[in-house]
There are 2 protein chains.
Amino acid sequence: MLDAEGDLRKRPAAHKGRSGGRSARLARRAAAGTGRAPAIITRKIPPYDLLDEAALQRLEAHADWILREIGIEFRGDDEALRLFKDAGATVTGARVRFDSGLARALCSTAPRSFRMAGRDPASAIILGGDHLVLMPAYGPPFVTDLERGRRYATIEDFRNFVKLTYASPWLNHSGGTVCEPVDLPVNKRHLDMVYAHLRWSTKPFMGSVTAPERAEDSIAMARLVFGDVFLEKNCVIQGNINVNSPLVYDQVMSGALKAYARANQSVVVSPFILGGAMGPVTQPALLAQAHAEAMAGIALSQLVRKGAPVVYGNFLTTMNLKTGAPTFGTPEANLSTFAIGQLCRRLGLPLRCGGQLTASKLADGQAMQESAASMMAGILAGSNFVFHAAGWLEGGLTMGYEKFVMDLDHCGMMLRMSGGLTVGEEQLAAEAYREAGPGEAFLGTAHTLAHFETANYLSDLADTASYEQWVEGGRLDLEQRANRRWKEMLADYQAPPLDPAIDEALQDFMARKKAALPDQWH
Amino acid sequence: MLDAEGDLRKRPAAHKGRSGGRSARLARRAAAGTGRAPAIITRKIPPYDLLDEAALQRLEAHADWILREIGIEFRGDDEALRLFKDAGATVTGARVRFDSGLARALCSTAPRSFRMAGRDPASAIILGGDHLVLMPAYGPPFVTDLERGRRYATIEDFRNFVKLTYASPWLNHSGGTVCEPVDLPVNKRHLDMVYAHLRWSTKPFMGSVTAPERAEDSIAMARLVFGDVFLEKNCVIQGNINVNSPLVYDQVMSGALKAYARANQSVVVSPFILGGAMGPVTQPALLAQAHAEAMAGIALSQLVRKGAPVVYGNFLTTMNLKTGAPTFGTPEANLSTFAIGQLCRRLGLPLRCGGQLTASKLADGQAMQESAASMMAGILAGSNFVFHAAGWLEGGLTMGYEKFVMDLDHCGMMLRMSGGLTVGEEQLAAEAYREAGPGEAFLGTAHTLAHFETANYLSDLADTASYEQWVEGGRLDLEQRANRRWKEMLADYQAPPLDPAIDEALQDFMARKKAALPDQWH
């Protein structure tokens with residue numbers, strides 16, 4: 001006799017229901033139940049509160065201390081410095097110092113949550129509150145897939161990932177720089193990126209932040225699609241503002257921030273701190289620093305335009321102690337994710353954190369272990385907005401086609417988890433226990449038949465077959481199955497309609513902008 | 001200009017500190033800091049509370065309803081039925097029904113936590129309270145490694161995993177049936193398994209439960225090592241009692257349970273429910289059922305011997321809706337893990353849940369995504385005891401050598417996460433901000449130098465090198481690196497000393513037992 005908890009083959013109850021016509025019928029019904037999340041996703045699970053009140057107050061006090069004693073530099077942006085000075089901050093050169101509580105008070109005019117429109121009404125999302133928004137990786141200059149390997153990304157790859165995201169049932173945001181199209185001139189590629197989001201998707205998206213004028217171009221293109229009046233009152237485009245941590249905003253970032261805020265469009269203010277390099281190596285210091293940096297940027301957005309929608313972002317991670325290389329999905333980074341969620345909730349703003357992050361070069365066990373851990377931490381931390389929810393490899397240098405669909409599947413799982421448990425009469429299944437008592441199989445009960453299709457998330461990539469079936473199927477690993485999956489998704493992709501007049505206006509705008517400037521490649 | 005959040009190469013602060021003699025010195029110091037957890041591990045993070053009070057009360061009421069209206073069968077065990085009847089339960093045939101609150105009241109004499117001795121004092125663990133115990137997979141009849149592939153496990157594999165567990169810095173329990181040595185007769189292999197734990201490790205372990213007399217043999221062997229007097233007062237061996245869910249204990253399991261409890265040794269009472277087969281397909285029903293099943297078994301242990309140490313176990317998982325195959329690390333299973341933790345805490349008993357579970361046949365992305373998710377859920381659920389913390393593949397049918405060390409690394413991460421964040425003066429690093437201000441690198445600060453070695457968990461398997469270095473290193477994936485690692489660990493293994501007289505007594509006991517019975521192979 002085997003003493004194997006896992007040896008399911010010996011369990012009579014499991015066997016009993018598996019044969020017979022009823023289970024075959026169940027299988028057919030279940031096959032249809034893959035599902036698709038709505039664009040507006042509501043979390044039904046509480047956030048995980050890691051730190052107690054005393055620790056949180058201490059972190060907030062330390063953030064205040066950093067803002068008061070050390071200060072934040074806004075380099076090369078006289079307008080920002082003037083706005084801060086007028087608001088009561090102490091400005092010395094580029095350094096802005098805030099009295100205790102000032103930055104927090106300036107943040108208070110930002111909305112707790114806001115709606116963001118997509119190109120069709122069904123694609124609208126809500127950022128903040130109990131809502132959850134997932135978008136693909138942001139920024140990788142390389143792409144990789146199983147056949148062609150790692151290479152510089154092109155605009156064709158960019159379009160592919162916009163299409164894959166549009167086709168995904170689990171991502172409700174099209175992202176921004178889903179990969180860097182390095183085959184296009186540096187000063188013009190933002191036009192093609194914004195166009196791709198507008199043309200090949202209807203989901204909300206991000207515009208350029210690499211120069212204030214590119215941010216303005218991005219907003220102008222959104223205006224052509226959504227109209228001046230609508231855009232003035234509704235968020236339709238976003239900019240991701242990475243703080244030049246430690247404690248610096250350069251004029252590119254503050255300029256882009258101001259452009260989006262002025263147009264009443266959203267910015268995500270994201271301190272980017274690799275502990276030990278852009279901040280101390282201990283997580284509590286990083287948390288206070290990130291909190292200070294985020295509040296300073298959000299304060300600026302509100303000084304530019306009170307009530308402009310913002311997201312409190314962060315990207316805190318660790319490094320390998322031997323080499324100084326950045327590391328992801330680590331226990332220290334995940335602990336900080338939990339804590340930053342608490343700090344953000346006390347500020348009452350939409351939270352960006354989490355992501356399927358990894359340092360791995362390929363979509364192997366390391367990639368998925370690190371990604372699953374960091375994603376779960378972000379979801380449990382109460383994240384409202386997850387960047388890098390799909391595709392990220394190699395510390396964000398590479399966007400992986402296989403990794404993208406592997407992550408998508410995990411996004412589906414996280415959305416199911418976010419739906420929580422409903423403990424009601426129907427879920428407690430009293431009748432099923434009267435129908436199938438001790439030692440009997442539940443597979444054939446009326447309750448099981450009624451709930452089979454919707455009870456469980458159905459992965460489209462996980463292999464759960466028997467060993468023998470798996471061998472017969474060619475011993476494929478997850479990455480190999482994912483290779484098939486993204487190709488199917490691209491082959492099945494159907495472009496959403498776009499009014500030809502709007503398309504023409506967009507093309508015309510791009511052509512004029514491209515003609516007006518010589519190409520730059522650096 | 002690249003708009004890559006992940007492109008760390010462009011960040012001056014990160015670069016600044018990486019060159020130079022100081023960082024080289026840091027690297028040398030950090031290399032020494034791999035660490036090793038103590039045997040008694042204390043959790044410093046709060047558990048995650050998924051359900052609110054009303055939902056928990058509803059689940060408890062439903063468990064009471066199951067115990068009262070449906071009942072639990074104890075088949076073929078007249079002694080158990082008599083004990084329950086004498087305690088006030090209603091016994092009809094094999095069916096035992098409990099008035100509301102009776103089972104819970106009977107559980108109340110079990111200790112909230114207890115100490116378990118290992119063969120040397122430094123190996124003692126505490127089960128329950130804020131403590132955490134991790135042990136390898138339990139039960140797989142197969143093993144696999146990259147070179148030899150999947151095959152039936154042998155006693156040599158068993159010894160290898162006992163040795164690997166002993167060598168592991170993160171597992172503090174040697175486990176039980178770490179794999180099933182199918183090269184030995186069914187009725188005698190428990191002797192060799194118990195011997196292997198006692199001979200090749202000093203960590204606490206589990207004995208046999210496949211027949212009451214094998215449980216007695218296991219306890220008798222522990223007696224030879226620990227002595228009658230010590231064993232009478234101290235827990236030194238455990239039995240894992242899998243409930244024959246739904247709602248049945250057979251005489252093998254109740255017999256083994258009684259043998260361990262009578263000897264004042266610990267049992268882990270583990271309902272094993274595959275939702276849809278051994279219970280309804282909705283998680284709330286499974287939670288109530290598992291709670292009822294666990295309480296009934298724990299109640300029996302206390303009727304046999306008041307105060308006998310027990311662990312409230314569970315193994316709840318889901319099935320693939322298309323095929324009926326068991327699935328692991330799924331969102332539904334993880335939600336149940338969170339909820340079961342709450343139910344157990346309200347009962348005030350040590351909790352077993354979680355594990356690095358997967359349906360995958362190999363240690364690929366699927367394996368690690370599922371494993372990481374289920375492990376993190378268990379740790380955040382407040383688990384005190386994690387079975388299957390290392391090695392489990394293929395729904396528990398296979399123990400993987402590479403998976404084992406990959407999981408070990410994640411165990412190290414989970415232990416670091418369980419240590420939480422200390423928000424104190426030293427961690428807030430005020431001086432570091434005076435030393436390195438806005439835009440400056442923190443790598444060279446006194447604070448960083450003081451904390452570099454201990455700040456972060458250092459993975460011994462994750463690849464965090466540059467792409468170019470990774471290519472030069474042969475493009476190894478995690479599984480390939482793990483292949484090297486377990487071989488190194490086995491090669492470096494050093495057996496703990498064992499008193500030759502005790503060894504002889506054990507060998508003599510085994511020889512007599514083996515000679516007394518003909519071999520059985522089924």
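The chains referred to below are lettered A, B, ... by the order of the sequence lines, with proteins before strands, and numbering in each begins at 1.
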Tell me, side chain or backbone of Ser418(B) under 4.5 Å from chain A's heavy atoms, or both, or neither?
neither

Would you mind checking which part of Ala367(A) comes under 4.5 Å of any heavy atom in chain B, side chain (CB onward), backbone (N, CA, C, O), both or neither?
neither

Are Tyr457(B) and Thr318(A) side-chain neighbours, meaning at least one heavy-atom pair lies under 4.5 Å?
no

Test side-chain contact (heavy atoms from CB on, under 4.5 Å) applied to Asp49(A) - qualifying residues, sequence neighbours left out:
Gln342(A), Arg345(A)

At a heavy-atom distance under 4.5 Å, which candidate from Leu247(B), Thr327(B), Thr330(B), Asp52(B) has the highest pair count against chain A?
Leu247(B)

Let me confirm one number: the OG1-OH distance from Thr398(B) to Tyr467(A), rounded to the nearest 0.5 Å.
7.5 Å

Under a 4.5 Å cut-off applied to non-hydrogen side-chain atoms, are Leu443(B) and Met319(A) in contact?
yes

With chain A, which of Ala432(B), Gly276(B), Ala55(B), Ala429(B) has the greatest number of heavy-atom pairs at distances under 4.5 Å?
Gly276(B)

Can you find a heavy atom in the side chain of Gln366(A) that is under 4.5 Å from one in the side chain of Arg481(B)?
yes

When Ala482(A), Pro280(A), Ala288(A), Gly329(A) are compared by non-hydrogen pairs under 4.5 Å with chain B, the top option:
Pro280(A)

If you count heavy-atom pairs within less than 4.5 Å of chain B, which of Met414(A), Gln289(A), Gln283(A), Arg475(A) leads?
Gln289(A)

Residue part contacting chain A, namely of Leu56(B), when any heavy atom lies under 4.5 Å:
neither

Closest non-hydrogen atom pair, Thr282(B) against Gln427(A)
OG1-O, 2.8 Å

Any donor-acceptor pair under 3.5 Å from Lys361(A) side chain to Ala465(B) backbone:
yes

Counting N and O atoms only, with roles assigned by atom type, does the side chain of Asp477(B) sit under 3.5 Å from a partner on the main chain of Gly365(A), one being a donor and the other an acceptor?
no

So for Leu51(B), is it side chain, backbone, both, or neither that comes closer than 4.5 Å to the heavy atoms of chain A?
side chain

Non-hydrogen atoms of chain B under 4.5 Å away: do they reach the side chain of Ile66(A), the backbone, both or neither?
side chain

Mind ranking Thr422(B), Ile72(B), Val471(B), Asp364(B) by heavy-atom pairs under 4.5 Å with chain A and telling me who comes out on top?
Asp364(B)

Sort out for me which of Gly412(A), Gly279(A), Gly71(A) touches chain B most, counting heavy-atom pairs under 4.5 Å.
Gly279(A)

Please answer whether the main-chain N or O of Ala285(A) pairs with a side-chain N or O of Tyr433(B) as donor and acceptor at a distance below 3.5 Å.
yes

Keeping His451(A) on the side-chain end and Val281(B) on the backbone end, is there a donor-acceptor pair under 3.5 Å?
no

Looking at side-chain heavy atoms only, is the closest gap between Met417(A) and Leu335(B) below 4.5 Å?
yes

Backbone of Pro46(B) reached by a side-chain donor or acceptor of Tyr48(A) within 3.5 Å
yes

Under 4.5 Å from any heavy atom of chain A, what part of Glu479(B) do you find: side chain, backbone, both or neither?
neither

With respect to chain A, which residue among His190(B), Glu370(B), His62(B), Met413(B) yields the maximal number of heavy-atom pairs within a distance under 4.5 Å?
His62(B)

Looking at CE of Met376(B) and CG of Leu380(A), how far apart are the two atoms once the value is rounded to the nearest 0.5 Å?
6.5 Å

Has Asn456(B) got a side-chain atom pairing as donor or acceptor with Asn320(A)'s backbone, closer than 3.5 angstrom?
no

As an exercise: rank His447(A), Met368(A), Glu332(A) by heavy-atom pairs under 4.5 Å with chain B and give me the winner.
Glu332(A)

Output for pair (Phe442(B) CZ, Ser245(A) OG), nearest 0.5 Å, gives 10.0 Å

Taking all non-hydrogen atoms of both residues, which atom of His410(A) and which atom of Ala373(B) are closest, and how far apart?
NE2-CB, 4.4 Å

Under 4.5 Å to a heavy atom of chain A? For Ala430(B) that would be both

Cut-off 4.5 Å, heavy atoms of chain A, and the answer for Ala377(B) is both

Who pairs with Arg95(A) by side-chain contact (heavy atoms from CB on, under 4.5 Å), at least two apart in sequence or on another chain?
Ile70(A), Glu73(A), Arg97(A), Pro438(B)

Distance, nearest 0.5 Å, that separates CG of Leu421(B) from CZ of Phe338(A)
10.0 Å

Counting heavy-atom pairs under 4.5 Å to chain A, which of Arg434(B), Glu69(B), Glu426(B) comes out on top?
Arg434(B)

Check: Asp463(A) side chain, Ser360(B) main-chain N or O, donor-acceptor pair, under 3.5 Å
no

For the candidates Leu461(B), Leu478(B), Leu428(B), Leu59(B), which exhibits the highest count of non-hydrogen atom pairs separated by less than 4.5 Å from chain A?
Leu428(B)

With a 4.5 angstrom heavy-atom cut-off, which part of Thr464(B) approaches chain A: side chain, backbone, both or neither?
both

Pick from Ala363(A), Ala436(A), Ala359(A) with the largest number of heavy-atom pairs that fall under 4.5 Å of chain B:
Ala359(A)

Which region of Leu287(B), side chain (C-beta onward) or backbone (N, CA, C, O), has a non-hydrogen atom less than 4.5 Å from a non-hydrogen atom of chain A, or is it both or neither?
side chain

